[in-house]
Amino acid sequence: MSMTSAKAEVKPIDPKMLPRRFNIKERESHWRRIWDDLGIARHDHSAERSCNFVIDSPPPTASGSLHPGHVFSYTHQDLIARYRRMKGWNVVYPMGWDDNGLPTERRVQNYFNVRAEPNVPYIPELNVDQQRKAAGLSKNQTLIVSRENFIELCHIVTAEDEKAYKELFYRLGFSIDWDEEYATIDDRCRRISQRSFLDLETKGHVYTSELPTMWDVDFQTAVAQAEVEDRLTPGAYHDIEFGVYEAIKGEAGMPQSFVISTTRPELIPACVGVTAHPDDDRYKSLFGKYAVTPGFFAKVPIFPSEKADPEKGTGILMLCTFGDENDVEWWREHGLDLRPMVGRDGRATARNFVEYHADTEGWSSLNPEQAQSNYDCLAGQRLKSVRQSIVEMMRQPANSALALNDSGSVSAPLQSEPKPIEHVVRYYEKGNTPIEYIPSRQWFVRLMDKKPLLLQKGAEIEWRPDFMFKRYANWTDGLSHDWAISRQRYFGVPIPIWYPLDEDGAIDHNSYLVATEEMLPVDPTLTPPPGYGEEQRGLPGGFVGEQDVFDTWFTSSMTPQIVARWGEDDDRMEQLFPMDLRPQAHEIIRTWAFYTIVKSVLHHDAVPWHNAMISGFILDPDRKKMSKSRGVAVTPMPLVERYGADAVRYWAANGRLGMDMAYDESIFTIGSKLVTKLYNAGKFVLMQEAEPGAIINELDRAFVAELSDVVDRATDYFENFEFAHALQIIEGFFWESFADNYIELVKRRARSEEDYAGRASAVATLRLGLNVLLRLFAPFVPTITDEVWSWSFAAETGFASVHQAPWPLTDSTARSLSQSVPAKSGEMLSRYELSVVEPPASESSFRVACRAIAAVRKAKHDAQIRLGAPLAALEFTASAGALELLKPVASDVADASGAFDIQFNPTDRSDGMYEALVQAVEQSQ
RNA sequence: GGGCGGUUAGCUCAGCGGCCCAGAGCGCUUGCCUUACAAGCAAGAAGUCGGAGGUUCGAAUCCUCCACCGCCCACCA
């Protein structure tokens with residue numbers, strides 16, 4: 001029989017060689033080294049696509065701070081990676097760093113006191129301090145450097161952060177293939193990012209246009225819809241009187257004025273129209289007429305609009321260039337004038353007012369002198385002080401629109417004191433000043449026409465949990481803008497575009513020049529376009545390079561293509577793309593997941609991955625999202641120091657997919673206890689001195705049947721990425737069935753001097769149980785499982801690490817799984833195959849034994865007999881059927897009870913329960 | 001205002017393709033240092049399963065409505 005064909009000798013471990021208590025922290029570094037040496041995380045680069053399981057792991061922002069949320073979701077990935085590896089998949093688990101973007105830019109600026117600007121020459125091997133001296137700058141003065149140099153400095157700074165992340169990930173035992181490390185600012189990523197643009201341009205998916213764009217005045221850059229968030233902000237309604245032009249001119253039967261209510265009085269100079277609801281009787285007579293603005297005396301049209309809400313404010317409102325998104329639409333629909341007063345820096349720009357004539361556009365006024373003198377006080381001011389100044393102006397009767405008509409005295413335009421309110425205002429997610437809509441030239445990816453396609457492709461992905469698809473669909477459905485991809489920042493991946501200059505030196509934006517594939521990565525501010533020489537830069541008839549960089553999501557949306565070397569290694573692309581799994585958190589479905597899908601659909605007409613696994617958040621104990629800004633975030637490394645990596649992983653593995661989890665430190669303690677228990681149970685099992693033999697006893701076979709069932713269920717859960725459920729049943733079985741019951745039931749038989757066959761069966765079953773449980777636990781608590789595995793199983797099975805051993809398989813899981821991947825060879829494991837064990841005579845034997853022994857414990861407790869005390873007599877009362885079921889395992893129950901034999905007392909009870917009657921051995925004096 | 005989750009023992013959470021007296025861990029009570037484990041073992045107390053209706057022989061589980069908590073989106077005069 002195959003049971004005896006193990007190739008390595010089975011020797012009991014010597015308990016004295018093991019410390020009484022397991023110090024996981026000391027052993028962690030040992031096992032991390034072993035894993036490195038064994039290369040457990042490396043993958044076979046030549047494997048067929050069908051054998052690969054490719055994970056599109058999220059590159060963390062290298063300048064962010066570590067957070068329990070990182071540990072949480074990255075552990076989830078590793079659980080799947082380790083499971084799949086044991087299942088025989090060639091797991092490709094790369095890691096990258098996202099160092100594009102504002103956080104890094106700010107860090108580098110502060111750290112070196114430098115700023116990047118375009119058209120600054122690149123200095124090889126730049127030494128910032130020396131260069132500052134050479135430029136005659138003091139320590140406190142900012143050194144201007146080229147973008148290339150800035151990128152180099154960025155590498156220096158992010159290297160530190162990456163080290164901290166890497167240290168933590170390594171410590172936690174994440175089986176990342178570090179050979180696949182990348183950074184979104186490295187040459188390859190910039191190349192692929194720019195290649196993406198080239199491809200989109202060729203396919204006609206990108207365009208450049210000068211449009212009112214959402215703009216952050218502090219960072220002075222365009223921002224995309226996905227980067228904008230709403231915040232409740234204090235503001236105030238200002239009721240301000242506008243004049244009616246026709247009435248002022250003397251037309252009869254016309255109201256002299258009306259009152260608008262605005263939260264943005266600072267934009268009165270930029271007012272280009274007035275509107276009210278078409279059915280609003282209060283204002284019907286004004287439609288088609290003109291209004292006159294107070295203070296600046298602009299003549300602007302009054303028109304009806306369905307979008308005006310009669311209930312809001314006074315029901316009639318002013319439109320400006322541009323107060324909000326509605327203003328943009330009204331401006332477009334009604335062909336209104338453009339009076340942009342807000343500059344890119346958030347200050348009022350200087351303007352010249354001209355006398356109004358029938359066909360003047362822009363900054364015309366019915367009283368240009370007064371308008372100009374009022375406006376001159378505002379130019380150069382930030383909007384906040386512009387508001388104050390204008391409110392003051394509105395207190396002066398002389399600024400009333402009605403003052404144009406000098407018939408009698410007029411009152412101030414401001415009708416009453418401002419009424420404070422809280423209202424919702426748009427902000428750039430990283431900014432502190434509200435978004436402005438500023439006309440500027442930007443690059444866009446056309447998305448508005450692709451909603452149905454994106455929804456259809458999104459539905460092809462298996463979202464886990466499935467309701468997360470709705471978040472994606474919701475966002476896609478609600479898109480209202482094309483994707484603005486250009487950013488007016490210095491640090492990032494440059495847009496590989498140049499613009500020709502005409503004979504007058506004017507930029508021709510429409511005949512832009514695109515980089516060629518061979519040039520990538522390219523910085524158009526340093527390299528001339530094809531067909532031009534660098535000496536033509538900036539000259540009439542020459543060219544200028546695009547100065548903008550891409551939105552960081554433009555690059556990080558390419559992680560699958562970056563890992564698969566799109567456009568650079570077709571074989572690799574074939575092997576790795578589309579990927580199998582995208583693990584991420586739900587907060588970035590609308591950004592990272594969305595944009596990655598966009599890119600994949602536009603470039604390859606394919607989904608980027610087949611599965612999206614969405615982890616939840618870590619919440620504070622008070623159920624708010626834990627964040628550093630709220631001052632309550634815990635740094636992960638001390639947790640690892642304190643509880644050990646396995647315990648921290650255990651904590652993370654408890655979080656079900658998509659479910660937010662309140663931060664609860666007691667879970668770490670439970671993880672530590674599990675580690676200790678595995679250590680002790682392993683020690684006990686492997687200390688048994690008897691030779692293992694054939695598994696023949698009913699109890700043993702019944703236990704193996706139960707174990708097989710657990711393997712089936714855990715496997716099923718893992719196949720559906722539900723690692724938390726898998727852990728739950730594995731842990732429950734280990735603790736209750738294996739440690740507390742099975743071990744107790746066979747403890748004596750395993751050392752029996754009479755029943756040699758039973759002893760061999762018990763020892764074999766104990767070893768089988770431990771072996772299988774170690775493999776089931778391996779993804780969760782990789783350190784302790786490998787430690788225990790190493791004591792005996794490593795040599796015996798030939799698998800040096802449990803992480804290289806195959807996932808335990810039963811007949812039914814082998815049948816039910818549809819994967820094409822062959823199970824790992826189990827030759828060396830024949831002793832530990834579940835399928836070689838004969839099924840028990842009765843499926844319930846193990847549970848019957850457990851129930852019986854529980855009845856004995858209760859009886860002993862009630863009779864105040866010590867649990868370990870021997871019994872003079874033991875009698876079970878139960879139904880005849882239940883007693884029949886008990887008989888095949890009665891000797892083990894008797895052994896565990898400390899009784900020599902068992903009396904059976906049948907009754908007519910029908911609940912299958914056992915009642916034990918115990919009699920203590922007489923105490924000898 | 002729209003969408004999506006959640007609401008089960010003091011705490012953290014399972015169970016939710018209907019019937020198994022409603023489960024686990026922590027905490028609590030009681031008893032045990034039983035040669036794997038006191039970071040352990042055993043026994044125990046503890047819940048009107050958010051509320052109200054409905055479907056059904058039967059609902060924590062399915063349907064409707066409501067309440068509260070959280071997230072996403074919209075609202076921005």
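Chain letters run A, B, ... following the sequence lines, proteins first and then strands; every chain starts at 1. The basis for the numbers below is simple: all heavy atoms, side chains too, and nothing from hydrogens, waters or symmetry mates.
Between A:K677 and the phosphate of B:C41, there is a side-chain N or O to OP1/OP2 separation shorter than 4.0 Å. Put simply, A:K470 has no side-chain N or O that comes within less than 4.0 Å of OP1 or OP2 on B:C72. Contact between the side-chain N/O atoms of A:R866 and the OP1/OP2 oxygens of B:G31 is not found at any separation under 4.0 Å. OP1 and OP2 of B:G2 both lie 4.0 Å or more from every side-chain N or O belonging to A:R471. Checking the phosphate oxygens (OP1, OP2) of B:U12, no side-chain nitrogen or oxygen of A:Q728 falls inside 4.0 Å. Close to B:C13, at under 4.0 Å from its OP1 or OP2, lies no side-chain N or O of A:N654. Between A:R656 and B:G15 there is a side-chain N or O to OP1 or OP2 distance below 4.0 Å.
Checking B:A42, B:G3, B:A36 against the side-chain heavy atoms of A:L867 singles out B:A42 as nearest. Minimum atom distance to the side chain of A:D660 is reached by B:G70, of the listed B:G70, B:C4, B:A77. For A:D740, taking side-chain heavy atoms from C-beta onward, the closest of the listed nucleotides B:A36, B:C41, B:U12 is B:C41. Considering only the side chain of A:R751, B:A36 comes nearest among B:A43, B:A36, B:G15. Minimum atom distance to the side chain of A:M661 is reached by B:C13, of the listed B:C71, B:A36, B:C13. Of the candidates B:C37, B:U12, B:A77, B:A77 carries the atom nearest the A:H423 side chain, counting heavy atoms from C-beta on. Residue A:D230 places its side chain closer to B:C75 than to any other of B:C75, B:C73, B:C41. Which of B:A14, B:C75, B:C71 sits closest to the side chain of A:K312 comes down to B:C75. Considering only the side chain of A:H861, B:U30 comes nearest among B:A77, B:A36, B:U30. Side-chain proximity of A:T263 to B:G44, B:C71, B:A77: nearest is B:A77.
With sequence neighbours left out, A:Y437 forms a ring-ring contact (aromatic ring centres under 6.0 Å, His included) with no residue at all.
Looking at A:S305 and A:W330, their side chains do bring a donor and an acceptor atom within 3.5 Å of each other.
Counting non-hydrogen atoms under 4.0 angstrom, A:E722 reaches nothing in the nucleic acid. Contact annotation for A:A724: no contact, since no heavy-atom pair falls under 4.0 Å across all strands. Using a 4.0 Å heavy-atom distance criterion, A:T262 is classed as a sugar-phosphate-only contact. Among the heavy atoms of the strands, none lies under 4.0 Å from A:R748. Residue-level contact check: A:W330 touches neither bases nor backbone, having no heavy atom under 4.0 Å from any strand. Using a 4.0 Å heavy-atom distance criterion, A:E744 is classed as a base contact. Nucleic acid contact for A:I743: base, since at least one base atom lies under 4.0 Å from a heavy atom of the residue. Among the protein residues, A:A308 comes within range of the nucleic acid bases, having at least one heavy atom under 4.0 Å from a base atom. In this structure, A:K860 reaches neither bases nor backbone, as no heavy-atom distance under 4.0 Å exists between it and the strands shown.
Nucleotides B:A24 and B:G15 have their C1' atoms positioned 10 Å apart, rounded to a whole Å. Rounded to whole Å, the separation between the C1' atoms of B:A42 and B:C4 comes to 45 Å. Taking the P atoms as reference points, B:A52 lies 25 Å from B:C13, given to the whole Å.
Relative ring orientation between A:Y742 and A:F738 is described as parallel, the plane-to-plane angle staying below 30° on a 0-90° scale split at 30° and 60°. Relative orientation of the A:Y643 and A:F668 rings is parallel, given thresholds of 30° and 60° on the angle between their planes. Between A:Y472 and A:F594, the two ring planes are tilted [angle within 30° to 60°]. Using a 30° and 60° split on the angle between ring planes, A:W483 and A:Y595 fall in the parallel class, below 30°. Aromatic ring pairs are classed by plane angle as parallel below 30°, tilted from 30° to 60° and perpendicular above 60°; the pair A:F322 and A:W331 is perpendicular.
Take the nearest nucleotide of RNA chain B for A:S672 and for A:V685: the residue whose nucleotide is more 5' is A:V685. When the nearest nucleotides of RNA chain B are assigned to A:R264 and A:M913 by heavy-atom distance, the more 5′-ward of the two goes with A:M913.
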Close N or O pairs between protein and nucleotides 23-26 of chain B (under 3.5 Å):
none

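With a 3.5 Å ceiling on both atom-pair distances, the Watson-Crick or G-U wobble partner of B:G44 is B:C28. B:A14 is unpaired under the criterion used here, namely a Watson-Crick or G-U wobble arrangement in which both key atom distances are under 3.5 Å. In this structure B:G5 sits in a base pair with B:C69, meeting the Watson-Crick or G-U test at under 3.5 Å.
Within a 6.0 Å radius of CD in A:E422, more than 12 heavy atoms belonging to other residues, nucleotides or ligands are found. Sparse packing is recorded around CZ of A:F900, with 12 or fewer heavy atoms of other residues, nucleotides or ligands lying under 6.0 Å away.
Pairing each heavy atom of A:I597 with each of A:I461, the nearest pair is CD1-CD1, 3.7 Å.
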